[in-house]
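As structure tokens, the structure follows; a few thoughts come after it.
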Amino acid sequence: MGEMSSYQLGVIGALFLSVASSVSIVICNKALMSNLGFPFATTLTSWHLMVTFCTLHAAQRLNFFETKSIDMKTVMLFGILNGISIGLLNLSLGFNSVGFYQMTKLAIIPFTVLLETLFLKKQFSQKIKWSLFLLLVGVGIASITDLQLNSVGTILSLLAIITTCVGQILTNTIQKKLNVSSTQLLYHSAPFQAAILFVSGPLVDQLLTKKNVFAHKYSPVVLAFIILSCLISVSVNFSTFLVIGKTSPVTYQVLGHLKTCLVLAFGYTLLHDPFTERNIIGILIAICGMGLYSYFCTQENKKKQLGDLSLASQVKDKDRSPLLASHQEKESLEPKKSTKDSLV
């Protein structure tokens, strides 16, 4: 029971760290890109990952965690896939309207559920599915304003959904199958993610913004916000792997939509962004969906734990019964043996 409570505290801590760091970096990046005129999101992400790797490397050298050897081919493909998914999401935002981009993010949850059901044989109860549906409806009402379709943007969105879902499922699967921690997996994969984005980032950003990241004038304020963004990103990247490893890709996506609602609320209160009754209604519906999802997941986990405990007790009883039977059999044979010895 002590191990279970410490595990639950670890999950709560991971969720809180993920929400706090993600909301912080969104606010920081919004100030950097909207107010300070630095629009190079993909290149900035490559810097995030390089700083994350350097931080983890320093932590490893100081013995804060131990490295574990992982198959290089697996880590390389995993890192490249995650780097490509980030680039595709940024391209999707660039070639689509904001509303269609939000639809792309919403589609990640049902597609993840579909992939896990088909390929991992994972079962989702009707209650879980309905709570996810309610969540998606709420976030859609709160965040989707316009839906402008185009062929290039649609293809990019589909590719972004597929690569993001597969990458997040692999994040969970690799940690459990290879028995590695989130820190170890991030440490090994971050260089490959950073490399693919460092090469493609400037090209993607120039395609989207028509500007050259290397020709940008870096004022002290811009540099300060870039450094702050990179420092926060260490916590964001670490908590992402931690949450997916401790929970599931679907739970991480649910948490992501909670962040969306919080960002909308913070944008209204701190940055005085426009806020309507539709935003409020959508956020309330989304929060209801998240609450139901959390409640149903907790109930199902408790049932699973009770089932595992009862199964373990049955196995123990089964293991004991042959010993008892052999002991009883030995005692019942002892008188016969003594009789036989007396006859000889």
Give the minimum heavy-atom separation between [X] and [Y], together with the two atoms involved.
X	Y	result
Ala41	Asp205	N-OD1, 3.5 Å
Cys165	Thr112	SG-OG1, 3.2 Å
Ser18	Leu255	OG-CD2, 3.5 Å
Ala14	Val243	O-CG2, 3.4 Å
Ala194	Met50	CB-CG, 3.6 Å
Gly153	Phe100	O-CE2, 4.3 Å

Quick one, [X] and [Y] - any side-chain contact, counting heavy atoms below 4.5 Å?
X	Y	answer
Tyr218	Val213	yes
Leu135	Ile109	yes
Leu258	Leu15	no
Phe40	Lys211	yes
Phe119	Ile169	no
Leu32	Leu44	yes
Ile227	Leu231	yes
Thr45	Gln193	no

Nearest 0.5 Å, please: how far is [atom2] in [Y] from [atom1] in [X]?
X	Y	atom1	atom2	answer
Asn90	Ser85	CG	OG	9.5 Å
Leu203	Leu208	CG	CG	11.0 Å
Leu91	Thr42	CG	OG1	6.5 Å
Phe241	Thr52	CZ	OG1	9.5 Å
Leu284	Asn279	CG	CG	11.0 Å
Gln299	Ser294	CD	OG	11.5 Å

Does [X] reach the main-chain N or O of [Y] with its side chain, forming a donor-acceptor pair under 3.5 Å?
X	Y	answer
Gln175	Thr171	yes
His188	Lys68	yes
Ser22	Val19	no
Ser235	Ile232	no
Thr164	Ile161	no
Asn172	Ile244	yes
Gln184	Glu66	yes
Thr240	Val236	yes
Ser229	Phe225	no

Given side-chain contact (heavy atoms from CB on, under 4.5 Å), test Ile86 with His48 step by step and report yes or no. CA-CA 12 Å; Ile86 294 170; His48 287 170; over 6 Å; no
Connected via hydrophobic side-chain network under 4.5 Å: [X] and [Y]:
X	Y	value
Leu36	Val26	no
Tyr295	Trp130	yes
Leu170	Leu118	yes
Leu81	Leu77	no
Tyr252	Ile162	no

Other residues, nucleotides, ligands: >12 heavy atoms within 6.0 Å of [X] [atom1]:
X	atom1	answer
Phe198	CZ	no
Phe65	CZ	yes
Phe64	CZ	no

Per the side chain to side chain contact (heavy atoms under 4.5 Å, CB included) rule, which among Leu49, Val204, Ile84 passes with Leu197? Leu49
Using the six-membered ring wherever Trp is involved, compare the ring planes of His216 and Phe38 and label them parallel, tilted or perpendicular (cut-offs 30° and 60°). perpendicular
Where do Ser189 and Asn82 land on the side-chain hydrogen bond (donor to acceptor under 3.5 Å, both in side chains) test, with the steps shown first? CA-CA 9 Å; Ser189 62; Asn82 277 332; 5.5 Å; no
Pairs satisfying side-chain hydrogen bond (donor to acceptor under 3.5 Å, both in side chains), at least one member in residues 114-127, at least two apart: Ser125-Glu300
Ser46 vs Thr43, test: side-chain contact (heavy atoms from CB on, under 4.5 Å). Steps then yes/no. CA-CA 5 Å; Ser46 72; Thr43 303; 4.2 Å; yes
For Phe192 and Met72: C-alpha separation, side-chain torsions, deciding distance, then whether side-chain contact (heavy atoms from CB on, under 4.5 Å) applies. CA-CA 11 Å; Phe192 297 104; Met72 184 59 67; 3.7 Å; yes
